[in-house]
Amino acid sequence: MSDSPTDYRSTLNLPDTPFPMRGDLPKREPGWVGAWNQEGLYKRLRDAREGAPLFVLHDGPPYANGQIHMGHAVNKVLKDMIVKSRQLAGFDAQYIPGWDCHGLPIENAIEKKHGRNLSRDDMQAKSRAYATEQIGQQREDFKRLGILGDWERPYRTMDFANEAGEIRAFKRVIERGFVYRGLKPVYWCFDCGSSLAEFEIEYADKKSDTLDVAFETDDAGKLASAFGLASLRAGKSAFAVIWTTTAWTIPANQALNAHPDLSYALVDTPRGVLLLAESLVEKCLERFQLEGQVIATAKGEALRGQVFRHPLYDADAGYRRVSPLYLADYVSDSDGTGLVHSAPAYGLDDFNSCVSHGLAYDDILNPVQGNGTYAADFPLFGGQHIWKAVPAILEALKQADRLMATQPITHSYPHCWRHKTPVIYRAAAQWFIRMDEGEGVFTKDKAPHTLRQTALEAIEHTHFFPENGKARLHDMIANRPDWCISRQRSWGVPIPFFLHKDSGELHPRTMEILDQAADMVEKGGIEAWSRVTAEDILGAQDAPLYTKSQDILEVWFDSGSTFQHVLRGSHAKAYVNGAFHHEGPEADLYLEGHDQHRGWFHSSLLLGCALHDRAPYRGLLTHGFTVDSQGRKMSKSLGNGIDPQDVTKKLGAEIIRLWVAASDYSGDIAGDDKILARVVDAYRRIRNTLRFLLANISDFDPATDAVPMDQMLEIDRYALARAAQFQAEVLAHFEVYEFHPVVAKLQVYCSEDLGAFYLDVLKDRLYTTAPKSLARRSAQTALHQITHAMLRWMAPFLSFTAEEAWPVLAGAQNRGSIFFETYANLPVANEGLLTKWARICEIRNLVNKEIETVRTAGQVGSSLQANVRLTAPADDHALLASLGEDLRFALIVSAVELLAGEELAVQVVPSTATKCERCWHYRDDVGSDAAHPTLCGRCTSNLFGAGEPRTVA
């Protein structure tokens, strides 16, 4: 025998893998993105899934303006994770990315760069070029996040076919009786210079001046009679007093309103006899700083037909008009004076009340211009902006002795969600989609129910994630007014109407013209329609009688109708396998931020119901906004945002993906540098587990080395049963589009099920038994199947890492991408094994606790230096005894003495045996082979003999 020491380390089956410990994500991820593009991976995936059941997530188009932010990243990554999870479930999971291209923000960007006096043609040309440029930039950023989709052929709302499809959809909505033209107050933004839809309104605090204004009666005797009085107090004037927060509407007043069932009082005061709601007399007098006495009361019904003078009646001849008092149910005595003033051009209730009482549209005063100023010839306040005119109005009322009180107030007020500036209601001739009963122009195929009824019914057949979205959308539809769909801008799909110059009626050939316009737009875009004249379309005889409409369809009609001309139009060939040719236009899922209950979800629902009597989606998923760790919404102004571009350069897109997956998207999604650092730690733990798995099966070929299930060691069969149980949990979460529980459970699975137990127990068998022994190949068979399953669990969110690991695992079987695969076909979970080994783990934890106590006392180092005496009651004793000699391997100790007793008890003592140089177990048979004096009997058998018998662990 040689005296030179033997290197027994070289006899161990030490793990080895080309899968590196460091991901080096920022440098390596672009390589996978490039390879996916170059190989046409998305197209190959579609070819591979041809004939499989379809899954369609219809993309809510982001706006083609500006660099993507973290909110975009969250949205797109979440969509990608869902599509990939369905792809791995065996579906033909399609993702056609889209962009919203028309509308005001792009016009604003063009005006900032080129000025506000561009021609319509110039604005459209520059807007199209700008949108194209923005899409190119955003597309690269989305691809960098690892998102798979049809990037070579996305849909854009400005594509000629989609613009034409939108006109055809509009025609169909007209045919079904939903479209009408009306003069009606609509939200109006001075900065947009256009009407706004309900979707485009948000509420914020605004400072205003409240004012109580006195309207003198035009017939004191008639007012007295209404209260059963012969006359009013001699020498005193009588006034109806109103309260408002919109001083700027007073000059346009045309009526007053009272509630027919409220009790009203005449109050004698030093300022005159005042008409007030009886319940508010005390509060009003206090506000007016007056003493007063009620001299008579009467129901509001008795006030029908009363007439009052405009408060500026004597200040300027332009206001020498009267305001009739109408009865209206919307008046209340919850605040104010119980009387409401009506400027019908600037309030929906006011408008409806005045029109229903016979006020003609042509007689409605509408002095406020689109830019927020009063018309130049408007008495007293002409040319002034309405907000700046308020002090002048208050002063004029004060000079006329009609201002009873005024004080500042901060209240919730509608604002434009683009400009964050206050909006007003303003009467304008607009095109509407009606929610309730009514007859539209050119009705050909009237819908069987109202749009409101159909939409509410459709909500009942939609799955919501989370469920509370259902009530939110239901309430919005139940209470929304008619949808104003016309805008006064240039960059958008035209409303191709010709209106008679005298009657305002549409041309009799309107429906033909819509077809003609759609055909023109399909060939040359909206620009082609912009260039035609009335004579081109109507001929020389009719052209002088008609005006070509310059209105466009609002952008919510653009995006809301995409299901019609994308899923059934421009990309219909992508869906030849299923839903869209045979069952209707429903997508499986729409997914956006929760603000889209009033946006894209809302407009898509209305148009789906208007066109097809059903929603265009089967499911709606909403996610929260991105916020910082303090819960503040990320914004440039606060400087608390995280740019996805910076994160991908510094940490890698995989970290963004894992952050999104780990976040509960049903609420707001918090992110900052510290949160991302924790995500990096979680990533490393998962990657290290994956690396361990790959390293320990590097010499395993499943074709020749796999062990049949009935020959595998029991703990290996348990590990597969636990993996099958875990996979069932994962797939159940994926089925309802949940990812954060999967990430949390995967970390626990890696650290506890694998790292702290199974892999820890396995190391001895993997490293010390013969390379091709049944004991080692059994372990590798289990690890190989677990790794296959784990890569698929990870792939939807850790796409780059799964793709990196796949060729290492698959080897010669590799088909190029893990996304061609489906979830692993694991053996059915054996409940008996799961129950048995769950109890063994509990007992093992008790043993480890006692070992730790002895280690703290300095009596042992590693657990292998410990001998354990286990006393166990009958059930536990039988369970532990079934492991035989392998019990010590399951507990990772050198010796175990198992005794029967009443209660479970653990005693740990240091081993007095010698440590084996190779396996590090403490055994009495170390040196029993003189040729290998530092080895134990099991190591000499594994190296030079028949091999150590292992049956359980």
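The first residue of the sequence shown is numbered 1, and numbering continues consecutively from there.
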Would you say that Y665 contacts H594 through its side chain, given a criterion of any heavy-atom pair below 4.5 Å between the two side chains? no
Test: D672 and R632 ion pair at under 4.0 Å: no
Close side-chain approach of I669 to V660, heavy-atom, < 4.5 Å: no
Going by the rule ring pair (Phe, Tyr, Trp, His ring centres under 6.0 Å), which residues pair with F464 if we only count those two or more places apart in sequence or in a different chain? none
Which class fits the ring pair W417 and W556: parallel under 30°, tilted 30 to 60°, perpendicular over 60°? tilted
Under a 3.5 Å cutoff, is there a donor and acceptor pairing between the side chains of H102 and E163? yes
Passes salt bridge (Lys or Arg N to Asp or Glu O under 4.0 Å), D445 versus R172? Steps please. CA-CA 9 Å; D445 178 24; R172 180 64 181 150; 2.7 Å; yes
Check E460 with K470, please: is the shortest side-chain N to carboxylate O separation under 4.0 Å? yes
Distance from H565 atom NE2 to N162 atom CG, nearest 0.5 Å? 4.5 Å
Are the side chains of E522 and R168 in touch, meaning some heavy atoms are under 4.5 Å apart? yes
Look at the side chain of N479 and the backbone N and O of D475, then say whether any donor-acceptor pair between them is shorter than 3.5 Å. yes
Would you check if M70 and D643 make a side-chain contact, meaning some heavy-atom pair closer than 4.5 Å? no
To the nearest 0.5 Å, how far apart are OG in S604 and CD in Q564? 11.5 Å
Within a reach of under 6.0 Å around NE2 of H733, are more than 12 heavy atoms found that belong to other residues, nucleotides or ligands? yes
Counting heavy atoms not belonging to K446, are there more than 12 under 6.0 Å from its NZ? yes
How long is the gap from OH on Y590 to OG1 on T462, to the nearest 0.5 Å? 11.0 Å
Between H419 and F190 (judged by ring centroids, cut-off 6.0 Å), do the two rings come close enough to count as a pair? no
Measure up the W151 and W99 rings against each other and bin them: parallel (under 30°), tilted (30 to 60°), perpendicular (over 60°). tilted
How about F734 and I82: do any of their side-chain heavy atoms sit closer than 4.5 Å? no
Within 45° of the ring axis of F55 and under 6.0 Å from its six-membered ring centre, is that where the NZ or CZ of R86 lies? yes
Checking ring-ring contact (aromatic ring centres under 6.0 Å, His included) between W431 and each of Y180, F178, F497, which is the one that passes? F497
Would you please classify the geometry between the H612 ring and the F563 ring as parallel, tilted or perpendicular, with 30° and 60° separating the classes? perpendicular
Any H740 side-chain heavy atom under 4.5 Å of K745 side chain: no
D588 with R618: basic N within carboxylate O range, under 4.0 Å: yes
What distance do I459 atom CD1 and F601 atom CZ have between them, rounded to the nearest 0.5 Å? 12.0 Å
Would K184 pass as a cation-pi partner of F432, given that its NZ or CZ must be under 6.0 Å from the six-membered ring centre and within 45 degrees of the axis? yes
Taking atom CD of Q550 and atom CD1 of I495, what is their separation to the nearest 0.5 Å? 11.0 Å
With rounding to the nearest 0.5 Å, note down the distance linking CD in E586 to CG in L567. 10.5 Å
Is there a salt bridge (Lys or Arg N to Asp or Glu O under 4.0 Å) between D80 and K84 once you walk through the steps? CA-CA 6 Å; D80 187 58; K84 285 174 177 170; 2.7 Å; yes
CD (E152) with more than 12 external heavy atoms under 6.0 Å: no
Which pairs count as salt bridge (Lys or Arg N to Asp or Glu O under 4.0 Å) when at least one residue sits in residues 550-559, sequence neighbours excluded? R487-E554
Ring centres under 6.0 angstrom apart (H58, W600): yes
Going by an N to O cut-off under 4.0 Å, is there a salt bridge joining D159 and R156? yes
For the residue pair L456 and H449, establish whether any side-chain heavy-atom pair is separated by less than 4.5 Å. no
Check ring pair (Phe, Tyr, Trp, His ring centres under 6.0 Å) between Y187 and all other residues, then give those that pass, not counting sequence neighbours. Y425
So R489 and M123, do their side chains get closer than 4.5 Å, heavy atoms only? no
Please evaluate residues D436 and R452 with respect to the criterion salt bridge (Lys or Arg N to Asp or Glu O under 4.0 Å), reporting the C-alpha separation (whole Å), side-chain torsions for both, the decisive distance (0.1 Å), and the verdict. CA-CA 6 Å; D436 300 305; R452 194 184 309 277; 2.9 Å; yes
